[in-house]
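In what follows, a single structure is set out as structure tokens and then discussed.
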Amino acid sequence: MVPGMSVARENVSITADPALCVRCGDCVATCPAEVFSLADDGLRTDNPGRCIGCGHCVAVCPTGALAHSDLPADRFEPVSEEPAFTLDQVRRLLRERRTCRRFTAEAVGPDEIGALIAATSHAPTSTNSQNVRFLVFHGSEQVTKLARLTCGYYLKLRRQLENPFMRLALGAAVGFKTVAAYRMRMPAIAAAFERTLAGDDRLFYGAPAVVVLYAAGLPHLALANGNLAAAELLLAAPAAGLGACYNGFAVTALVRDKRARREAGIPDGCTPAAAVALGHPAGRFFRVPPRNRRRIIDAGM
Ligand SMILES: Cc1cc2nc3c(=O)[nH]c(=O)nc-3n(C[C@H](O)[C@H](O)[C@H](O)COP(=O)(O)O)c2cc1C
């Protein structure tokens, strides 16, 4: 059992067809929850209650001997023999992805967004919880609602930063460096958000849709699950002809402001993890901008 892995399922039944099982042990080795063991008389499913439903046992079985009660055989898809992309193609995909900050007014339909979100279904989640929810703000009315909640939070923060007692309280809560950084950036942020509230969208850049990803469970894992899915949205969007912009302001407002969270429709107990604005890009990039070299630290040094 992987440390910290919770028991996720009850009444699961995983059976091995003795006529097909070649006792290779691949399912035993692959299962993260130690459901299986190999005995002299064949494969045993000792602990089906520990199963996290990842399906790796069925997916790895070379002879198709395993049947999982929660994951019917017809829901497994074949795996391509060749890798879908060469490393160079993947590098290109990763390097040429850009944050889009100019959107046309063209609407993005619910089906387009649904297809993009569906493409992220295989993003990893802690304990295979698959607990990420995608709250979609469609069209200018709904996007404006999210913009108002976000800008409202920041304009309130500006007022709080003007008050020395509030500054002390905020500093104690989030760190004095963060407060100092916000004070420095606040005039520009406030100006942009006042423009946004007046109808010139400097927050989502006129994007016709915003997806807020949230998840239940331990906040640090909810953040990880949501952001892994968000990263896949960012990478997949251009293939659907869409531009995408991660929005940290909206996430910050939703994390810090319970009322905004509720008004946005995020259930209590869930952690807002990411917000991604989506739309048709107005214009394109002609160059890949430079980035710092990755710093690799040898853990043994
Ligand atoms: C956590 C996080 C928050 C971000 N917040 C914003 C944001 O509020 N507005 C924005 O325009 N871009 C935002 N971005 C996008 C970054 O500014 C962008 O990734 C960076 O400028 C590099 O550009 P690139 O993504 O095209 O490489 C955010 C990115 C991350 C990862």
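As the structure lists them, so they are numbered: ligands from 1, and atoms in each ligand from 1. Everything numeric here is computed off the predicted structure, so don't read it as measured data.
Between Glu96, Arg101, Arg98, it is Arg101 that holds the heavy atom closest to atom 11 (O) of ligand 1.
The salt bridge (Lys or Arg N to Asp or Glu O under 4.0 Å) check on Asp111 picks up nothing, with sequence neighbours excluded.
No donor-acceptor contact under 3.5 angstrom links the side chains of Arg102 and Tyr205, judged on distance only. Counting only N and O atoms by type, the side chains of Thr125 and Asn131 include no donor and acceptor under 3.5 Å apart.
Here the protein heavy atom with the shortest distance to atom 5 (N) of ligand 1 is Gly248 N, 2.8 Å. In terms of protein heavy-atom proximity, atom 7 (C) of ligand 1 is nearest to Tyr246 O, 3.5 Å. Nearest protein neighbour of atom 23 (O) of ligand 1, counting heavy atoms only, is Arg291 NH2, 3.3 Å. Of the protein's heavy atoms, Thr99 OG1, 3.4 Å lies nearest to atom 18 (C) of ligand 1.
In this structure, the ring of Phe204 has its center no less than 6.0 angstrom from the ring center of Phe103.
Heavy-atom proximity to Arg97, at under 4.0 Å, picks out these atoms of ligand 1: 24 (P), 25 (O), 27 (O). Taking a cut-off of under 4.0 Å to the non-hydrogen atoms of Tyr205, the atoms of ligand 1 that pass are 9 (N), 10 (C), 11 (O). Applying the 4.0 Å criterion to heavy atoms of Cys245 picks out, from ligand 1, the atoms 10 (C), 11 (O), 12 (N).
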What side-chain donor-acceptor pairs closer than 3.5 Å can you find for residues 113-123, not counting sequence neighbours?
| unit_1 | atom_1 | unit_2 | atom_2 | d |
| --- | --- | --- | --- | --- |
| Thr120 | OG1 | Ile117 | O | 2.7 |
| Ser121 | OG | Ala118 | O | 2.4 |

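Under the 3.5 Å distance criterion, the side-chain polar atoms of Asn227 are matched with a main-chain donor or acceptor of Ala273.
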